[in-house]
Peer 1: 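First the structure, which I've put down as structure tokens, then a few questions once you've had a look.
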Amino acid sequence: MTIERVPLHPANRAPLAPEFPWPEGHKAAMFLSVDVDAETAWTCKDPARFSELVTMSFGGYEARVGVPKLLELLRQESLRATFFVTGWSVEAHPAMAEAILRDGHEIAHHGFHHLMPQPGDPMLVEEIDRGLEVLKRRLGVVPVGYRAPLGESCEELRVLLKQRGLIYSSSWRDDVRPYRHLLDDGTPGLIELPVTMTYDDWLYGLSHRYSPRPMFPREHVLSLWQDELAETRDWGGMVTTVLHPQVSGRPMRLRLLRSFLRHTREYGDVWIATGQEIAAHFATCEAKAG
């Protein structure tokens, strides 16, 4: 591929994010979200790894300990979150998924086997449709939100999500406020609730099974998270967490998360909400704006 074949326009042609006010006088927002990959975090690139039982135990920790401990923390703090769950995880760990639903949290779409969406991939439709089918059959859930496995997207996916009736996605990394996608054909797409990379706990809290990766101490991570929140709050924006129960569900990481959530609430003006709530607020403001 030569540089001349790269289109001469931005990859994202959506208008700039509108600066809608947050509800009830809040100055900023936090989209509190969790990615439940379980074993698919490790098998998505190579299904043969399923025979590597210690590797699988990293993912299995979610159902055994990580998700229950996160749910306990959220009950203690009286918070509701959005859990992006792979369809495979629901099939393999139904009790875990049912516990999330029972506690009143939003369950959103995260693919079926955590396969990275790629242009022209014949698995793209199956990943979406099979994930939707499992959430409906197993949990009675018709999700309105979607997060791309491994944080990738393509035009075929954006169109497919709209066709399947999804309302919002949370995959892109290009803003600090929600915005409406503009598809290549010029029609509006889903509402985007952009991810804040600083809050992807996988970057700091898990020594990677297959490559060297340092584990950051509590003071470093808490400093990063608090600084990101402080400045984004000053901007009147939104931060989005990408928490993984096989990371933040471990003891010292859970303690870190508890400290950060309490620090956030001390501001008194940061709206901590689910993706469904934030997307609904955006849609209401958008309609009023005409």
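For this chain, numbers begin at 1 and follow the sequence in order.
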Peer 1: Establish, yes or no, whether a centroid distance under 6.0 Å links the rings of Y199 and F31.
Peer 2: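 That pair fails the under 6.0 Å test.
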Peer 1: Whether the side chain of R180 engages the backbone of G189 through a donor-acceptor N/O pair (distance < 3.5 Å, no angle test) should be reported.
Peer 2: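 Present.
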Peer 1: Look only at the side chain of S33 and the backbone of T241, and say whether a donor-acceptor pair between them is shorter than 3.5 Å.
Peer 2: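 It does hold such a pair.
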Peer 1: If the plane angle is over 60° it's perpendicular, under 30° parallel, otherwise tilted; pick one for W172 and H181.
Peer 2: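 Plane angle over 60°, so perpendicular.
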Peer 1: Should V36 and I128 be counted in the same cluster of Ile, Leu, Val, Met, Phe, Trp and Tyr side chains packed under 4.5 Å apart?
Peer 2: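 In one cluster with V36: I128, no.
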Peer 1: For a side chain to side chain contact (heavy atoms under 4.5 Å, CB included) with V159, tell me which candidate from K162, Q163, E156 qualifies.
Peer 2: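 That would be Q163.
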Peer 1: Could you walk me through whether F20 and F282 pass the ring-ring contact (aromatic ring centres under 6.0 Å, His included) check?
Peer 2: CA-CA 7 Å; F20 295 140; F282 178 92; 5.3 Å; yes
Peer 1: In plain terms, say whether E106 and R80 are close enough for a salt bridge, that is, a side-chain N and a carboxylate O under 4.0 Å apart.
Peer 2: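 So E106 does not pair with R80 through a salt bridge.
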Peer 1: Would you indicate whether R164, at its atom CZ, is surrounded by more than 12 heavy atoms from other residues, nucleotides or ligands within a distance under 6.0 Å?
Peer 2: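 More than 12 within 6.0 Å, yes.
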Peer 1: Evaluate H113 against T43 for side chain to side chain donor-acceptor pair (under 3.5 Å), listing each step before the verdict.
Peer 2: CA-CA 8 Å; H113 190 236; T43 58; 2.8 Å; yes
Peer 1: Are I100 and L254 connected, step by step, through hydrophobic side chains (Ile, Leu, Val, Met, Phe, Trp, Tyr) whose heavy atoms are closer than 4.5 Å?
Peer 2: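 Result: yes, single cluster for both.
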Peer 1: One pair to check against salt bridge (Lys or Arg N to Asp or Glu O under 4.0 Å): E155 and R158. What are the steps and the verdict?
Peer 2: CA-CA 5 Å; E155 186 63 14; R158 296 203 299 168; 2.6 Å; yes
Peer 1: Kindly say whether V85 contributes a backbone atom to a donor-acceptor pair with the side chain of S89 at under 3.5 angstrom?
Peer 2: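 Not a single qualifying donor-acceptor pair exists.
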Peer 1: Are the side chain of S171 and the backbone of A148 linked by a donor-acceptor contact shorter than 3.5 Å?
Peer 2: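 Yes, the answer is positive, given that a donor and an acceptor are paired below the 3.5 Å cut-off.
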Peer 1: Residues in side-chain hydrogen bond (donor to acceptor under 3.5 Å, both in side chains) with E98, at least two apart?
Peer 2: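 If we apply the side-chain hydrogen bond (donor to acceptor under 3.5 Å, both in side chains) test to E98, skipping adjacent residues, there are no hits.
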Peer 1: Identify whether the distance between the nearest side-chain nitrogen and carboxylate oxygen of R233 and E228 falls below 4.0 Å.
Peer 2: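 No, this pair does not count.
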Peer 1: What is the distance from atom CG of L193 to atom CD1 of I167, rounded to the nearest 0.5 Å?
Peer 2: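 Between L193 CG and I167 CD1, I get 11.5 Å after rounding to 0.5 Å.
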Peer 1: Restricting to pairs with a member in residues 62-72, which pass side-chain hydrogen bond (donor to acceptor under 3.5 Å, both in side chains), not counting sequence neighbours?
Peer 2: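 Residue pairs with at least one partner in residues 62-72: E62-Q246, K69-E72.
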Peer 1: Does the side chain of H263 reach to within under 4.5 Å of the side chain of L222, using non-hydrogen atoms?
Peer 2: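 In short, these two side chains do not touch, never coming nearer than 4.5 Å.
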Peer 1: Under 30°, 30 to 60°, or over 60°: which ring-plane class applies to W22 and W271, parallel, tilted or perpendicular?
Peer 2: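 Judged by the thresholds at 30° and 60°, the geometry between W22 and W271 is tilted.
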Peer 1: Checking D201 side chain against H244 main chain: does a donor-acceptor pair fall under 3.5 Å?
Peer 2: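 Here the side-chain-to-backbone pair exists.
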Peer 1: Does the plane of the ring in W42 sit parallel, tilted or perpendicular to the ring in W202? Use 30° and 60° as the thresholds.
Peer 2: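 Judged by the thresholds at 30° and 60°, the geometry between W42 and W202 is tilted.
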Peer 1: Less than 6.0 angstrom separating the ring centers of W88 and F112, yes or no?
Peer 2: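 Ring-ring flag for W88/F112: false, centres at least 6.0 Å apart.
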Peer 1: Using only atom types and a distance under 3.5 Å, with no angle test, would you say the side chain of Y179 pairs donor to acceptor with the backbone of P194?
Peer 2: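 Absent.
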Peer 1: Output, in order, the C-alpha distance, side-chain angles, deciding distance and verdict of salt bridge (Lys or Arg N to Asp or Glu O under 4.0 Å) for E77 and R262.
Peer 2: CA-CA 8 Å; E77 300 300 321; R262 291 179 177 176; 2.8 Å; yes
Peer 1: Backbone N or O of P217 within a donor-acceptor pair of the H220 side chain at under 3.5 Å?
Peer 2: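 Not confirmed, H220 side chain does not pair with P217 backbone.
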Peer 1: Show your working on salt bridge (Lys or Arg N to Asp or Glu O under 4.0 Å) between R75 and D103 and close with a plain yes or no.
Peer 2: CA-CA 8 Å; R75 285 195 299 271; D103 271 15; 2.6 Å; yes
Peer 1: Validate the cation-pi geometry between R250 and Y61: distance from NZ or CZ to the six-membered ring centre under 6.0 Å, angle to the ring axis within 45°.
Peer 2: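 Checked: cation-pi criterion met.
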Peer 1: Within the side chain of T232, is there an N or O that forms a donor-acceptor pair under 3.5 Å with the backbone of L229?
Peer 2: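 Checking the backbone N and O of L229 against the side chain of T232, no donor-acceptor pair under 3.5 Å is found.
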Peer 1: Side-chain contact test, heavy atoms from C-beta onward, threshold under 4.5 Å: evaluate it for R147 versus T240 and give yes or no.
Peer 2: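 Of all side-chain heavy-atom pairs linking T240 with R147, at least one is under 4.5 Å.
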Peer 1: Is the backbone N or O of R255 less than 3.5 Å from a side-chain atom of S259, with the two atoms forming a donor-acceptor pair by type?
Peer 2: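 Yes.
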Peer 1: Backbone N or O of G111 within a donor-acceptor pair of the H109 side chain at under 3.5 Å?
Peer 2: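 It does hold such a pair.
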Peer 1: Can you tell me if H93 and E39 form a side-chain donor-acceptor pair at under 3.5 Å?
Peer 2: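 H93 vs E39: donor-acceptor pair found between side chains.
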